[in-house]
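To start, the structure under review is shown below, and the notes come after it.
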Amino acid sequence: MSAIPQQNPKRREFYDRISRHDLAPLWEVLGKLAPPTPATPCVPALWKYRDVRSYVMEAGELISAAEAERRVLVLENPGLRGESAITHTLYAGLQLILPGEVAPSHRHTQTALRFIIEGTGAYTAVDGERVTMVPGDFVITPSWTWHDHGNPGSEPVVWLDGLDVPMVAYFDAGFMERYPEAMQPVMRAEGDSRARYGSNLLPVGYTPQSLTTPVFCYPYARTREALEQLRRGNDLHPCHGLKLQYSNPATGGYPMPTIGAFVQMLPKGYRGRPYRTTDGTVYCAVEGRGRTRVDGKVLEWEAQDVFVAPSWSKVQHEADGDAVLFSFSDRPAQKALGLWREHAPCDA
Ligand code: GTQ
């Protein structure tokens, strides 16, 4: 890309004159519009659960789930403050639901995922079916489905929310509605969708009804069992350790059209090689401790911490003991648009 052309009085006068007609010269901005490699204001960042947990709990004394509608502390990327964004396309937050509370039913075109960080006994209800969640469970709320959360248990429950809020805002395609009551009626027994779609079976003649998986909970117990079985094979990727992607059992594709989710085991002492990918990625440590170098910045994580690696940053994982990382990104959206790239391993 050539350098920005020199300004001179004649050119500046021209720019001023055309500006009054809502016109601007491309040659002044072309380098910024089409950089040689992705340029993002998103920066690497880490939220230590140990440091932020007390604020999440304090929010619980400040406002009820009913009043807040969703009692969430938004994880704002330091490079995107005020935009409710953890990457340019994704939103993340820590949601708290206290015993006895209900976060009232609503629906929106934004797709949501939950990754349970602390506590048991809370449920989320999606389109008439409740699922009770435990730490490590990965739960999906498809676009435009009614959802409410409740905690009939005895402990505070905290989960990581991941939504495509900034992406939907970019497309100006956001709609939202509140359900007339706090709780939607329960139409199906708990476990119904897992039995129907999440048991290596599908209803006979089934054709997918939406772009989102019909299984809306991926229990950690089953994920963990798969990782444990596969680690014995010892075929580790040089950058990712043992990494799997969550799938829609009806299509084999990503569970959601805009957000992909992944889980990886890094065995004790794992030292990954660096890689880059265009999908800026949000990680949540599930087990163990280690560190991830992101463009030279060292993020020291342990279980329950959340961190983010921007698009095309150089990412390198290390684990001290056995570690498990959950992650999500906009990979399905980028792939659908033909934009996704990776470089792995990369030492540059
Ligand atoms: O649980 O429905 O973190 O609507 C942000 C918006 C959670 C939710 C968020 C939401 C939700």
Side-chain angles (χ1 to χ4, degrees), residues 47 49 52-53 55-57 59-60 62-77 80-98 101-119 121-133 137-152 156-171 173-184 210 212-213 216-218 255-256 258-259 261 282 284 304 306 308 326 328-330:
W47 290 264
Y49 193 64
V52 300
R53 182 183 186 277
Y55 300 120
V56 173
M57 295 302 160
L62 204 66
I63 192 163
S64 67
E67 191 189 350
E69 188 160 344
R70 295 295 183 265
R71 189 204 290 111
V72 179
L73 297 187
V74 180
L75 303 178
E76 293 203 315
N77 190 285
L80 299 165
R81 292 305 307 272
E83 294 180 36
S84 301
I86 191 161
T87 70
H88 243 160
T89 54
L90 296 171
Y91 157 105
L94 293 173
Q95 179 158 179
L96 168 68
I97 185 147
L98 292 170
E101 286 192 317
V102 171
S105 199
H106 67 197
R107 63 177 177 177
H108 35 72
T109 47
Q110 291 85 356
T111 290
L113 68 82
R114 334 273 167 200
F115 189 76
I116 316 310
I117 288 186
E118 174 185 339
Y123 67 81
T124 194
V126 177
D127 257 351
E129 184 178 339
R130 289 182 180 177
V131 58
T132 301
M133 306 172 289
D137 286 358
F138 165 53
V139 176
I140 286 166
T141 311
S143 176
W144 208 239
T145 52
W146 296 112
H147 55 285
D148 41 87
H149 316 300
N151 184 352
V157 173
V158 178
W159 61 74
L160 174 67
D161 279 325
L163 286 89
D164 53 11
V165 164
M167 199 187 316
V168 173
Y170 191 75
F171 287 116
F175 293 86
M176 194 265 202
E177 261 177 22
R178 293 191 172 83
Y179 197 75
E181 287 133 55
M183 280 180 277
Q184 63 180 304
S210 90
T212 303
T213 171
F216 66 98
C217 179
Y218 296 76
M256 298 158 279
T258 50
I259 311 178
V282 180
C284 181
Q304 301 176 305
V306 178
V308 59
F326 168 81
F328 66 93
S329 76
D330 62 12

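What you see below is based on every heavy atom in this structure, not just the backbone, and it leaves out hydrogens, waters and symmetry mates. Every number for a ligand or one of its atoms is a count from 1 in the order of the listing. No experiment lies behind these values; they were computed from the predicted model shown.
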Just the distances, no angles: every ligand 1 N or O to protein N or O pair closer than 3.5 Å, one line each.
from, atom 1, to, atom 2, distance (Å)
ligand 1, 1 (O), R70, NE, 2.9
ligand 1, 1 (O), Q95, NE2, 3.3
ligand 1, 1 (O), R114, NH1, 2.8
ligand 1, 1 (O), R114, NH2, 3.4
ligand 1, 1 (O), H149, NE2, 2.8
ligand 1, 2 (O), R70, NE, 2.9
ligand 1, 2 (O), H106, NE2, 3.0
ligand 1, 2 (O), H147, NE2, 2.7
ligand 1, 3 (O), Y91, OH, 2.7
ligand 1, 3 (O), D161, OD2, 2.7
ligand 1, 4 (O), H106, NE2, 3.0
ligand 1, 4 (O), H108, NE2, 2.8

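- Classified by interplanar angle (parallel below 30°, tilted 30° to 60°, perpendicular above 60°), the ring pair H147/H149 is tilted.
- A donor-acceptor pair under 3.5 Å is formed between the side chain of D164 and the backbone N or O of T111.
- Between E181 and S105, the closest side-chain pair of non-hydrogen atoms is not below 4.5 Å.
- A donor-acceptor pair is defined here as one N or O able to donate and one able to accept, closer than 3.5 Å; such a pair exists between the side chain of N151 and the backbone of I97.
- Distance alone, capped at 3.5 Å, places no donor-acceptor pair between the T212 side chain and the S143 backbone.
- The closest donor-acceptor contact from the side chain of R70 to the backbone of L96 lies at 3.5 Å or more, if one exists at all.
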